[in-house]
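We use all heavy atoms of the structure for the numbers below, so side chains are in, but hydrogens, waters and symmetry mates are not. Keep in mind it's a predicted model, so treat the numbers as computed, not measured.
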Amino acid sequence: MRVRALRHAGATVAVASLALALTACGGAEDKKTDDSGKADASASAAAKPDVKALSAAELDKLVVGPADLKGHRVEKAKPADILNPGDVSADKPVCQPLAQAMSWVAPGTPGASVVRKVIEIPTKTGSAADAMGALGAPITSVTLGSYAGEGAQQAFASLKTAGTDCAGGFTLNSSGSKTKVSKVAPATLTAGDEALAWTVTSDMEGEPFVTNLVVVRKGNNLAGFATMSLAGEVKELPKAVVDAQSAKLR
C-alpha cells in the first residue's frame, strides 16, 4: 500500500469525466462499460490506502504494560538489550527476518519500534527448589513495530518464507557473536489478522537451547514475541502475552 492515493484519485476523476462524455453521445452499453471502470478504480483505491507508520510515542501507548498482564512483570528493555538492525545478520539472507525477530529487532523497515520484557512471576518461592525454578521462569520479549504502506505485510511474508526455507537451521550473528540454530519447527497459534509461530532450537555451548517465537500482524503493526528461559527450554507458546498484546492492537 505505497503512497498512490493521488494517482488513484486522478484516475477516478478521469473516468468520471469520460462517463459524462459517453452519456452525452448516447450508448447504454458504453455507460455500462464506464460504470465498470469506475467501480474497478474505486475498488483499487480502497484496497491501497495511504497507510502511515505510528511513532514510537504512539507505540508506547499500544505496547503491553503491567496493567495488561496479571502474574507477570513488564518492563522497558534497557538500551543495552536493544540492537540496531545492522547488528543482526544470518549466514543465509532468507533467514535474516528470523534472526532479527529472535534478537528483539522488528524485521523489515518499520517506521518505529518499541521493546518490552515480560517476566512470568512464579507462584511458589518458598524452598530452594522454588528459587531455582524462579530462575528458569519464562522471559518474553515483545517487539512492536509499525510500518508504512505494505511494510507490515511484506515483513510478515518474509518471515513466513524464512520459517520454511530455514527449517534446517542457520547461523545467527549478533554484534559479532555467532549462534548456531539447528532447527526451526512450526507451531500453531491464532491471533491478529495473521500469525506465525515456531519452536527454535539453538546450540548453546554444546547444549540445546529452545526459544519459542511468535509473530502477529494486526493492520500495519507487527508484534514479535521471543520466549526463553535460563533453564534452556520453554514448553509453551506465550499465549497470555500474545493475547494481551493483540487485544491492545484492535
> Taking Gln96 for the side chain and Ala90 for the main chain, is one N or O donor matched with an acceptor at less than 3.5 Å?
Replying inline: yes
>> Could you measure the distance from the CG atom of Asn221 to the OG atom of Ser113? Nearest 0.5 Å is fine.
In response: 11.5 Å
> Asn212 side chain to Met228 main-chain N or O, any donor-acceptor pair under 3.5 Å?
Replying inline: no
> Does Lys117 reach the main-chain N or O of Asp81 with its side chain, forming a donor-acceptor pair under 3.5 Å?
Replying inline: no
> Hey, does the side chain of Asn84 reach the backbone of Asp87 with a donor-acceptor pair shorter than 3.5 angstrom?
Replying inline: no
>> What I'd like to find out is whether the side chain of Met102 reaches to under 4.5 Å of the side chain of Ser202, using heavy atoms alone.
In response: yes
> Does Asp91 reach the side chain of Lys178, with side-chain heavy atoms less than 4.5 Å apart?
Replying inline: no
> When clusters are formed by joining ILVMFWY residues with side-chain heavy atoms under 4.5 Å apart, either directly or through shared neighbours, do Val88 and Leu144 land in the same one?
Replying inline: no
>> Is there a side chain to side chain contact (heavy atoms under 4.5 Å, CB included) between Leu69 and Val64? Walk through the geometry before answering.
In response: CA-CA 8 Å; Leu69 276 166; Val64 70; 3.8 Å; yes
>> Quick one, Phe170 and Leu98 - any side-chain contact, counting heavy atoms below 4.5 Å?
In response: yes
>> Heavy-atom count check: over 12 atoms from other residues, nucleotides or ligands less than 6.0 Å from Lys183 NZ?
In response: no
> Stepwise, does the side chain to side chain contact (heavy atoms under 4.5 Å, CB included) test hold for Thr199 with Val210?
Replying inline: CA-CA 7 Å; Thr199 297; Val210 177; 3.5 Å; yes
> Can you hop from Val216 to Leu249 via hydrophobic side chains spaced under 4.5 Å?
Replying inline: yes
>> So which atom in Leu83 and which in Ser175 form the shortest heavy-atom distance, rounded to 0.1 Å?
In response: CD2-OG, 3.5 Å
>> For Gln245, is there any backbone N or O sitting under 3.5 Å from a side-chain donor or acceptor partner on Asp68?
In response: no
> Where is the tightest heavy-atom contact between Ser103 and Ala99, given as atom of each residue plus distance?
Replying inline: OG-O, 2.8 Å
> What is the distance from atom CG of Leu159 to atom CD of Glu194, rounded to the nearest 0.5 Å?
Replying inline: 10.5 Å
> Has the side chain of Thr161 got a donor or acceptor atom that lies under 3.5 Å from a matching backbone atom of Ser158?
Replying inline: no
> Got a second to check how far Thr140's OG1 is from Lys239's NZ, nearest 0.5 Å?
Replying inline: 13.5 Å
>> If you compare all heavy atoms of Ala197 against all heavy atoms of Val214, which two are closest, and at what distance to 0.1 Å?
In response: CB-CG2, 4.0 Å
>> Strictly distance-based, threshold 3.5 Å: is any side-chain N or O of Asp165 a donor or acceptor partner for the main-chain N or O of Ala162?
In response: no
> Would Leu62 and Leu54 count as a side chain to side chain contact (heavy atoms under 4.5 Å, CB included) if you check the C-alpha gap in whole Å, the side-chain angles of each, and the deciding distance to 0.1 Å?
Replying inline: CA-CA 10 Å; Leu62 289 178; Leu54 299 177; 3.5 Å; yes
> Between Gly219 and Ala152, what is the shortest heavy-atom contact and its length?
Replying inline: O-CB, 3.9 Å
>> Can you confirm whether Leu222 sits close enough to Val215 that some side-chain heavy atom of one is under 4.5 Å from a side-chain heavy atom of the other?
In response: yes
> Any side-chain heavy atom of Asp60 within less than 4.5 Å of one from Arg116?
Replying inline: yes
> Out of curiosity, Cys95 SG to Gln100 CD, how far, rounded to the nearest 0.5 Å?
Replying inline: 11.5 Å
> If you take all heavy atoms of Ala191 and Ser246, which pair is closest and at what distance?
Replying inline: CB-OG, 3.7 Å
> If Ile, Leu, Val, Met, Phe, Trp and Tyr residues are connected whenever their side-chain heavy atoms lie under 4.5 Å apart, and connections chain through other members, are Leu213 and Val242 in the same group?
Replying inline: no
>> Assess, by modelled atom type and distance only, whether the side chains of Ser182 and Asp203 contain a donor and an acceptor separated by less than 3.5 Å.
In response: no
> Between the side chains of Thr143 and Trp104, does any donor sit under 3.5 Å from an acceptor?
Replying inline: no
> Taking C-beta and beyond as the side chain, do Val200 and Val181 meet within less than 4.5 Å on heavy atoms?
Replying inline: yes
>> Tell me the closest heavy-atom pair linking Tyr147 and Ala155, and the distance in Å.
In response: CE2-CB, 4.1 Å
>> Using only atom types and a distance under 3.5 Å, with no angle test, would you say the side chain of Lys248 pairs donor to acceptor with the backbone of Val63?
In response: yes
> Could you state the interatomic distance from OG (Ser229) to CD1 (Ile119), rounded to the nearest 0.5 Å?
Replying inline: 11.5 Å
> For Lys160, what residues pass the side chain to side chain contact (heavy atoms under 4.5 Å, CB included) criterion, not counting sequence neighbours?
Replying inline: Leu196
> Excluding sequence neighbours, so at least two apart, what forms salt bridge (Lys or Arg N to Asp or Glu O under 4.0 Å) with Asp193?
Replying inline: Arg217, Lys218
>> Membership question, hydrophobic clusters at under 4.5 Å side-chain separation (ILVMFWY): are Leu59 and Val105 in the same one?
In response: no
> Is any side-chain heavy atom of Trp198 closer than 4.5 Å to a side-chain heavy atom of Leu237?
Replying inline: no
> Are Phe225 and Val241 side-chain neighbours, meaning at least one heavy-atom pair lies under 4.5 Å?
Replying inline: yes
> Could you give the distance from SG (Cys166) to CG (Leu172), rounded to the nearest 0.5 Å?
Replying inline: 11.0 Å
>> Please check: side-chain N/O of Ser174 versus main-chain N/O of Ser177, any donor-acceptor pairing under 3.5 Å?
In response: no
